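To start, the structure under review is shown below, and the notes come after it.
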Amino acid sequence: MNFSGISRQSFIGTLLRLPLALIPKSAQVPILQGVLRGRWWIAGSSTHGCWLGSYEFDKQQQLISHVQRGNVFYDIGAHVGFYTLLAAHLVGQQGHVYSFEPLPQNLQFLRKHIAMNHFSNVNVFDVAVGKESGVGHFKIAQSTSMGSLDSHGELSVAIVAIDELIAQGKLLPPTVLKIDVEGAEYMVLQGAMQTLKIHKPLIFLATHGHEVHAQCLHFLRDIGYNIKSLDDRLVENTDELFAQFPST
């Protein structure tokens, strides 16, 4: 059931959420539904929808239908690890997950979630991903899910480019990319251009802002990707995209 889809503004939505405030933030709770059912989650690390199993419900279903055993999954902008756990389960021991996250608070939860659930097929990189490797600044937002690369940011972070890491032999080439980086999406794609051209991974892309959305669409189409919306909006109007090379 998509609990997260019940509006907070509705009476039922308000009523259902009241007991959640009583759960200690440090509590380790079981995930209640979906393919991660029975896995463990720290209640206060993110939205309660994560352990209720309804977080970004439609996107979850799309990932479940496309990610296969043995795949190599990149979680770029991993936050506290919901999609890292989901991918680690789906790819199995034959596959691998690389998680990229620069914010120290998120990294603590990310690593705890991986350890709590005994996943041994995940590598965590405490870096941001961009166009080229170097050092940048990260702006910390009120929500830990909304921080972003920003020249005026208060946190100094390492930045890596996917093409460079693969060329150095530090990563297996990806089968699937999930990118959600609060406005830096175009830079991530630029830094992975050769990887996309050669290995043609599936891409789940969340965009943030009209300009970067248009840039990403143009970039991916120019390489040869077909793009569709993950919701019922037009590709130009959505902020959740799925990109795939046409079958040959």
Side-chain angles (χ1 to χ4, degrees), residues 63 66-81 83-88 90-111 113-115 119-139 147-151 153 155-207 212 215-216 219-220 222-225 243-245:
L63 275 164
H66 285 93
V67 179
Q68 302 176 8
R69 293 281 175 185
N71 281 177
V72 176
F73 186 98
Y74 289 14
D75 190 357
I76 301 176
H79 190 226
V80 297
Y83 284 114
T84 290
L85 298 189
L86 181 61
L90 293 172
V91 304
Q93 288 303 312
Q94 307 98 312
H96 205 82
V97 177
Y98 297 107
S99 297
F100 302 85
E101 173 58 44
L103 190 62
Q105 180 180 345
N106 289 342
L107 283 161
Q108 289 181 8
F109 285 123
L110 173 61
R111 290 190 167 105
H113 284 141
I114 294 166
F119 283 119
S120 59
N121 58 348
V122 181
N123 282 98
V124 175
F125 291 81
D126 53 347
V127 297
V129 180
K131 182 178 179 181
E132 56 190 11
S133 297
V135 177
H137 293 89
F138 191 85
K139 185 176 180 63
S148 61
L149 286 172
D150 188 306
S151 59
L155 180 66
S156 179
V157 298
I159 302 174
V160 298
I162 296 301
D163 283 344
E164 294 178 30
L165 290 182
I166 291 178
Q168 294 164 6
K170 295 180 179 179
L171 304 175
L172 295 169
T175 315
V176 184
L177 300 179
K178 182 233 103 185
I179 305 171
D180 188 348
V181 288
E182 299 297 321
E185 296 83 35
Y186 181 49
M187 291 186 290
V188 171
L189 294 176
Q190 288 177 301
M193 179 185 288
Q194 294 307 312
T195 300
L196 301 183
K197 287 181 175 179
I198 295 169
H199 300 288
K200 301 176 173 61
L202 304 178
I203 303 173
F204 290 85
L205 177 66
T207 60
V212 71
Q215 290 172 328
C216 291
F219 181 91
L220 290 171
D222 192 55
I223 291 176
Y225 273 91
Q244 183 178 27
F245 258 85

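This structure is a prediction, so every number in the text was calculated from the model and none was measured. Numbering of residues begins at 1 and proceeds along the displayed sequence.
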Distance from [X] atom [atom1] to [Y] atom [atom2], nearest 0.5 Å?
{"X": "Lys197", "Y": "Gln194", "atom1": "NZ", "atom2": "CD", "result": "5.5 Å"}
{"X": "Leu220", "Y": "Gln244", "atom1": "CG", "atom2": "CD", "result": "12.5 Å"}
{"X": "Ile223", "Y": "Leu196", "atom1": "CD1", "atom2": "CG", "result": "5.0 Å"}
{"X": "His137", "Y": "Leu155", "atom1": "NE2", "atom2": "CG", "result": "9.0 Å"}
{"X": "Thr84", "Y": "Tyr74", "atom1": "OG1", "atom2": "OH", "result": "13.5 Å"}
{"X": "Phe204", "Y": "Leu177", "atom1": "CZ", "atom2": "CG", "result": "10.5 Å"}

Side chain [X], main chain [Y], donor-acceptor under 3.5 Å:
{"X": "Glu185", "Y": "Gly183", "value": "yes"}
{"X": "Asp180", "Y": "Gly77", "value": "no"}
{"X": "Asn121", "Y": "Gly92", "value": "yes"}
{"X": "Glu101", "Y": "His79", "value": "yes"}
{"X": "Ser133", "Y": "Ala161", "value": "yes"}
{"X": "Tyr83", "Y": "Ile76", "value": "no"}

Exercise for the section: Go through Asp163 and Met193 one step at a time and tell me if the side-chain contact (heavy atoms from CB on, under 4.5 Å) criterion holds. Expected result: CA-CA 7 Å; Asp163 283 344; Met193 179 185 288; 4.3 Å; yes

Exercise for the section: Take Phe73 and Leu63, measure what side-chain contact (heavy atoms from CB on, under 4.5 Å) needs, and give me the verdict at the end. Expected result: CA-CA 11 Å; Phe73 186 98; Leu63 275 164; 3.7 Å; yes

Problem - Residues Leu110, Asn106; criterion side-chain contact (heavy atoms from CB on, under 4.5 Å); working and verdict - result: CA-CA 6 Å; Leu110 173 61; Asn106 289 342; 5.8 Å; no

Problem - Criterion side-chain contact (heavy atoms from CB on, under 4.5 Å) on Val97 and Ile114, from CA distance to verdict - result: CA-CA 11 Å; Val97 177; Ile114 294 166; over 6 Å; no

Exercise for the section: Tell me, please, whether Phe245 has Lys200 positioned over its six-membered ring: NZ or CZ under 6.0 Å from the ring centre and within 45 degrees of its axis? Expected result: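 Yes, a cation-pi geometry holds between Lys200 and Phe245.
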
